[in-house]
Amino acid sequence: MSKLSALTEPFGTGGNSVQAFDVDKVRADFPILSREVYGKPLVFFDSGASAQKPRVVIDCIREAYESYYSNVHRGAHYLSQRATDAYEEARVIIAKFMNAPSDKNIVITSSVTESINLVAATWGRKFLKEGDEVIVSEMEHHANIVPWQMLREEKGIIIKVVPVRDDGSFHLQDFEACLSSRTKLVAITEVSNVLGTRVPIKELTRIAHERGAKVLVDGAQGIVHQGVDVQALDVDFYGWTGHKLYGPSGVGILYGKADVLESMPPFQGGGDMIVRVTFEKTTFQDPPHRFEAGTPPIVQAIGLGAAVKYVEELGMKSIAAQEHSTLAYAQQELADIEGYREVGTAPDKAAIISFLVDGLHPFDVAAVLDRQGVATRVGQHCAEPLMDRMGIEGTVRASFGLYNNRADVDALVAGIRKAKEMLS
Amino acid sequence: MSKLSALTEPFGTGGNSVQAFDVDKVRADFPILSREVYGKPLVFFDSGASAQKPRVVIDCIREAYESYYSNVHRGAHYLSQRATDAYEEARVIIAKFMNAPSDKNIVITSSVTESINLVAATWGRKFLKEGDEVIVSEMEHHANIVPWQMLREEKGIIIKVVPVRDDGSFHLQDFEACLSSRTKLVAITEVSNVLGTRVPIKELTRIAHERGAKVLVDGAQGIVHQGVDVQALDVDFYGWTGHKLYGPSGVGILYGKADVLESMPPFQGGGDMIVRVTFEKTTFQDPPHRFEAGTPPIVQAIGLGAAVKYVEELGMKSIAAQEHSTLAYAQQELADIEGYREVGTAPDKAAIISFLVDGLHPFDVAAVLDRQGVATRVGQHCAEPLMDRMGIEGTVRASFGLYNNRADVDALVAGIRKAKEMLS
Amino acid sequence: MSRLLDLEKYDEFVGNLELIDDEDMRFEYIIDVGKKAGDADFPEVMKVDANLMHGCMSKVWIIDRVDDGRHYFSGFSDAIIVKGLVTMMTESFSGLTGDELDALNEDHVRKLNLGALTTQRQVGMLAMLAHLQKLGRRVTTAAAD
Amino acid sequence: MSRLLDLEKYDEFVGNLELIDDEDMRFEYIIDVGKKAGDADFPEVMKVDANLMHGCMSKVWIIDRVDDGRHYFSGFSDAIIVKGLVTMMTESFSGLTGDELDALNEDHVRKLNLGALTTQRQVGMLAMLAHLQKLGRRVTTAAAD
Ligand SMILES: Cc1ncc(COP(=O)(O)O)c(C=O)c1O
Ligand SMILES: Cc1ncc(COP(=O)(O)O)c(C=O)c1O
């Protein structure tokens with residue numbers, strides 16, 4: 001079972017004192033972190049694209065397939081019941097983790113991309129008319145841009161874009177300037193996957209609700225760094241993706257308020273989401289099952305439940321504190337590199353650093369880093385409009401996970417210095 | 001790696017002599033088959049709902065997470081490249097398995113349900129107009145009914161239903177009677193998940209094409225029993241689901257002809273499926289990536305590749321021969337039970353048996369079987385219209401996998417006798 | 001309402017099931033209850049959709065008769081095992097008021113100790129309990145009109 | 001067409017790379033090729049979308065000059081490593097006819113033995129080869145008009 005490192009000394013962050021953990025013990029939970037790349041120890045700074053998995057998650061997947069695998073919601077036999085229990089138990093774990101009122105608020109999807117597309121295709125198609133406005137921000141991931149563009153194509157809705165400031169910060173007054181009587185939805189990221197900027201979702205939601213607009217949050221980069229309390233935020237939808245929260249690939253989540261989910265037509269048609277089918281007429285299940293057509297990602301959902309339990313045992317506050325401390329150390333060390341420039345310096349950002357080095361192409365920097373065993377991401381990070389706005393072609397991004405330590409940072413810094421040396 | 005049982009004596013089936021394999025050696029490849037249920041050995045006859053997984057698949061999943069996991073198509077680093085290679089290699093394996101002209105014909109989805117919904121939402125929305133006809137059969141799974149009903153709701157298309165005969169057989173002349181000048185699509189199952197009836201897809205496709213209609217095959221129950229050669233069948237679309245072919249949950253496949261896929265607009269919007277995004281305009285990738293928005297089911301696709309290699313090593317012909325022989329044995333033994341009735345007795349059916357026992361409710365029979373460790377499925381099998389047509393409320397279904405042996409059949413027969421005894 | 005309910009029939013079922021320590025025999029006990037349940041108690045004319053309880057693998061009908069504010073249930077299913085389970089539920093919890101029904105909770109179902117039986121969970125005895133409670137409330141509301 | 005192509009420059013690259021048995025040093029070799037590639041060879045005015053090769057992580061432009069049916073390529077990228085790779089490709093395969101270009105295959109790329117280098121695959125040297133072949137065919141067709 002879960003072999004978590006013991007919590008160590010208390011640790012201050014933003015006023016509240018929380019327990020930090022011993023990162024090196026935690027690292028031992030992740031088998032991949034002990035591997036080498038090109039003969040050098042792996043330094044993984046690409047958790048923002050997808051995080052590595054702790055042993056408890058990998059074991060949970062194996063156990064499911066080896067000892068109780070079956071389809072769910074269908075069989076009258078023992079394994080089917082076991083698998084159904086485990087699958088629905090995962091939904092309960094996830095609901096509690098998000099502080100959702102009930103597991104009925106939790107739709108299991110295949111990714112946050114699907115979660116957002118689901119809302120666009122059901123709620124959006126049903127409730128948005130020509131001329132209605134959807135507000136997004138300039139720092140959205142393509143997953144929170146393209147579905148609304150497709151709906152614009154179909155329905156003639158209008159997409160309004162909240163600008164970000166030069167330092168990558170997001171200001172509520174810029175958001176308020178976009179609101180109008182036609183605003184029906186605010187679809188916004190909680191944390192920028194490029195800049196690390198946090199959006200003040202709670203305040204934003206209060207303002208949007210005052211104007212009668214619904215709020216959908218793309219929590220892909222939010223929940224992994226700070227957890228979420230959907231009732232405190234009061235958002236209507238909150239989507240996220242399992243593989244970035246140390247869970248398996250192939251599973252995502254959509255939280256929706258009960259009345260909103262109930263108002264929505266089904267997304268896809270198939271088994272499991274219906275009550276009765278005749279060729280003349282079909283009646284659909286209640287949420288969340290109405291939105292889960294066909295065999296769901298069974299073992300992936302169960303594995304995500306294990307991942308959630310893992311981060312809960314460490315504590316989301318402790319994870320945030322740990323990441324914050326590593327981020328601060330990194331910012332300090334990186335600042336010493338001549339020609340180094342951080343892109344996105346909003347105050348209180350999440351543990352994501354995008355950067356450039358004067359005179360060097362980001363691709364070259366990332367390639368040299370890679371040869372040193374340091375995995376980063378380079379390019380536009382599925383956020384091309386943000387690149388256009390910042391007037392750059394791309395960045396190197398080091399995104400932190402709960403397992404990154406100061407030695408990782410040192411390797412990153414040394415790698416950048418080496419890149420400067422090799423490339424100049 | 002794959003520890004396949006040695007092939008044994010040659011074995012005749014339908015004229016062609018193929019190698020059969022030693023089932024008991026193959027059973028050892030599936031960890032779950034050695035478990036007990038209620039203190040009795042597990043006898044698994046629910047592979048039609050979802051098949052169990054061989055060790056090679058489970059190990060492949062573990063290995064991916066432990067040694068080279070990363071997101072795909074994004075990073076410039078080593079792991080990202082390794083994961084992308086493995087993911088795209090799976091696509092190649094799957095393309096070859098289906099004899100698709102190229103891996104570009106293979107769209108990776110989350111299930112066959114999604115595959116069919118994808119076609120309905122893209123090809124269907126673009127090319128079908130009010131009054132256009134879609135032909136399905138009376139024995140479709142809900143996954144191949146509800147998406148067309150949803151499109152009917154939206155577009156006013158007409159759904160025509162090919163009847164099946166009392167014995168569950170499917171006749172081309174019944175199909176031809178449904179064709180008209182307005183037929184645009186035939187969306188049909190290859191093998192009935194309830195009756196085991198095989199549809200003569202190749203002939204049907206020839207006829208449909210002569211009338212200018214496209215053909216979509218729901219191959220969920222077809223490919224697992226007989227493999228597929230999409231070029232020989234000449235179908236336009238062929239969808240299937242990984243978890244029924246001994247692969248992981250959470251992954252499905254849509255094969256499409258190149259020109260047809262190219263003619264289709266995207267399905268969902270997000271990362272990976274775009275070439276360029278601005279808020280004004282977005283350009284999309286070519287197939288198959290156009291249809292794969294967001295992080296795909298990475299490890300699930302890789303695991304499915306391992307499953308395909310596993311069945312290829314055994315040989316689809318050998319699997320068919322083995323299943324056929326077990327089916328014949330079962331039919332003979334079951335026929336001796338007084339009051340036993342097989343529902344669906346079309347000639348040359350696939351290894352699926354639906355049955356009833358006079359005077360007993362199918363639920364009771366399945367429940368007693370379950371207590372004997374025999375897993376079957378009971379109910380309507382997501383095929384309610386077929387139940388209505390057969391004038392029954394449900395059946396008990398024993399669906400065979402490559403690992404079912406005669407001892408399994410004996411346990412099934414003994415279980416039914418016990419049910420009669422306990423329930424009368 | 002917080003007084004201890006007197007659930008004579010329920011206690012009898014719990015007692016009987018406690019005496020059986022073999023799961024297979026407990027399973028047979030349910031079948032026996034199902035077989036013994038007099039079908040005559042459930043009139044054919046009542047097997048209509050309005051009395052159907054949704055969400056079961058086999059059809060379950062439940063009706064109630066109200067006498068002096070107390071609910072007397074009978075249930076039926078075509079499947080013997082389900083009939084056994086529904087009979088245990090209706091017999092256990094007949095004679096209670098709507099409020100008393102509402103005071104019942106998951107533990108009452110759990111104490112029947114059928115948890116290990118797949119069938120118990122499939123047909124959802126909890127769903128049956130919720131259904132009885134709903135029937136209890138429905139008539140209470142109607143009476144208040 | 002099946003005559004053995006005389007690929008002098010290509011053979012030189014292959015030979016040089018074979019001498020280096022350390023992967024890190026092979027990586028540095030590519031960087032060196034990139035650094036040494038004269039930027040002047042690739043006129044600024046040619047860095048337009050029409051000459052862009054799609055599907056790379058960093059921008060790659062490739063142009064060709066045709067002389068007596070033979071193609072002389074030059075390539076450019078903002079990223080040094082990519083410039084190194086594209087330079088190896090353009091220098092290796094310049095001077096060939098469209099048919100000769102078509103006769104090249106994956107093995108020619110594989111023999112450069114950069115397979116272990118992530119970057120090599122990322123920027124897709126195979127894609128570059130295909131691009132050169134496309135350019136070779138395009139002009140041949142145009143000439144036939
Ligand atoms: C014939 C047929 N079509 C479609 C499906 C749906 O498969 P999935 O639930 O994996 O999407 C199934 C299986 O349940 C099936 O048997
Ligand atoms: C902010 C944000 N939104 C959406 C996504 C899309 O996630 P997925 O690809 O898992 O659907 C990502 C990650 O790539 C992201 O960072």
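The sequence lines fix the lettering, A, B, ..., with proteins before strands; numbering per chain opens at 1. Because the structure is a prediction, the values reported are computed rather than measured.
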Q: Could you tell me the separation between the CZ atom of A/Arg377 and the OG atom of B/Ser70, rounded to the nearest 0.5 Å?
A: 9.5 Å

Q: Identify the two heavy atoms, one from B/Asp370 and one from A/Tyr78, that lie closest to each other, and give their separation to 0.1 Å.
A: OD1-N, 2.9 Å

Q.
Within this structure, what is the OG1-CE distance for the pair A/Thr113 and B/Met273, rounded to the nearest 0.5 Å?
A. 10.0 Å

(Q) If I measure from the heavy atoms of chain A, does B/Arg389 come under 4.5 Å with its side chain, its backbone, both, or neither? (A) neither

Q: Give, as side chain, backbone, both or neither, the part of A/Phe267 having an atom under 4.5 angstrom from any heavy atom of chain B.
A: both

(Q) Shorter than 4.5 Å, heavy atoms on both sides: which option in B/Asn117, B/Val57, B/Val146 has the most such pairs with chain A? (A) B/Asn117

Q: Can you measure from CZ (B/Phe44) to OH (A/Tyr69) and round to the nearest 0.5 angstrom?
A: 8.0 Å

Q) Between B/Ser110, B/Ala49, B/Gly373, which has the largest tally of heavy atom pairs under 4.5 Å with chain A? A) B/Ala49

Q) Considering only heavy atoms, which portion of A/Leu118 lies under 4.5 Å from any heavy atom of chain B: side chain, backbone, both, or neither? A) neither

Q) When only pairs under 4.5 Å are counted, which of A/Phe284, A/Phe30, A/Tyr65, A/Tyr68 shares the most heavy-atom pairs with chain B? A) A/Tyr65

Q: Could you tell me the separation between the CZ atom of A/Phe279 and the CD atom of B/Glu384, rounded to the nearest 0.5 Å?
A: 11.0 Å

Q) Looking at OG1 of A/Thr376 and NE2 of B/His77, how far apart are the two atoms once the value is rounded to the nearest 0.5 Å? A) 7.0 Å

Q: Check side chain to side chain donor-acceptor pair (under 3.5 Å) between A/Ser111 and all other residues, then give those that pass, not counting sequence neighbours.
A: none

Q.
Under 4.5 Å from any heavy atom of chain A, what part of B/Val136 do you find: side chain, backbone, both or neither?
A. side chain

Q | Smallest separation among heavy atoms of B/Ser249 and A/Gln300, with atom names | A | OG-OE1, 2.9 Å

(Q) Taking every non-hydrogen pair under 4.5 Å, which of B/Gln380, B/Arg152, B/His381 racks up the most with chain A? (A) B/Arg152

Q. Does the side chain of B/Val299 come within less than 4.5 Å of A/Ile61's, by heavy atoms?
A. no

(Q) Under 4.5 Å from any heavy atom of chain B, what part of A/Val161 do you find: side chain, backbone, both or neither? (A) side chain

**Q.** Over all atoms of both residues, closest heavy-atom pair of B/Asp388 and A/Val277
**A.** OD2-O, 4.4 Å

Q.
Counting only heavy atoms not in B/Lys126 (residues, nucleotides, ligands), do more than 12 fall under 6.0 Å from its NZ?
A. yes

Q: Pick whichever of A/Pro296, A/Pro248, A/Ala64, A/Cys382 has the most heavy-atom pairs under 4.5 Å with chain B.
A: A/Pro248

Q) Side chain, backbone, both or neither: which part of B/Arg35 has a non-hydrogen atom closer than 4.5 Å to chain A? A) side chain

Q: List the steps and the verdict of side-chain contact (heavy atoms from CB on, under 4.5 Å) for B/Leu79 and A/Asp46.
A: CA-CA 10 Å; B/Leu79 293 182; A/Asp46 198 20; over 6 Å; no

Q.
Which atoms of B/Gln149 are under 4.5 Å from chain A, going by heavy atoms: the side chain, the backbone, both sets, or neither?
A. side chain

Q.
Is B/Pro265 close to chain A through its backbone or its side chain, or both, or neither, when contacts mean heavy atoms under 4.5 Å?
A. neither

Q: Name the member of B/Ser34, B/Ser50, B/Gly294 that forms the most heavy-atom pairs with chain A at distances under 4.5 Å.
A: B/Ser50

Q | Best-contacting candidate, B/Lys244, B/Glu140, B/Glu280, B/Lys281, against chain A by heavy atom pairs under 4.5 angstrom | A | B/Glu280

Q | Contact leader toward chain A among B/Glu153, B/His243, B/Glu138, B/Gln268, where contacts are heavy-atom pairs under 4.5 Å | A | B/Gln268

Q: Let me know if B/Ile145 has heavy atoms under 4.5 Å from chain A in its side chain, its backbone, both or neither.
A: side chain

Q. What part of B/Ala51 lies closer than 4.5 angstrom to a heavy atom of chain A: side chain, backbone, both or neither?
A. backbone

(Q) Using every non-hydrogen atom in the two residues, find where A/Ile58 and B/Glu66 come nearest and quote the distance to one decimal. (A) CD1-CG, 3.7 Å

**Q.** Top contributor to chain B contacts, counting heavy-atom pairs under 4.5 Å, from A/Ala375, A/Pro266, A/Gly271, A/Pro297
**A.** A/Ala375

Q) Does any heavy atom of chain A fall under 4.5 Å from the side chain of B/Leu33, the backbone, both, or neither of them? A) neither

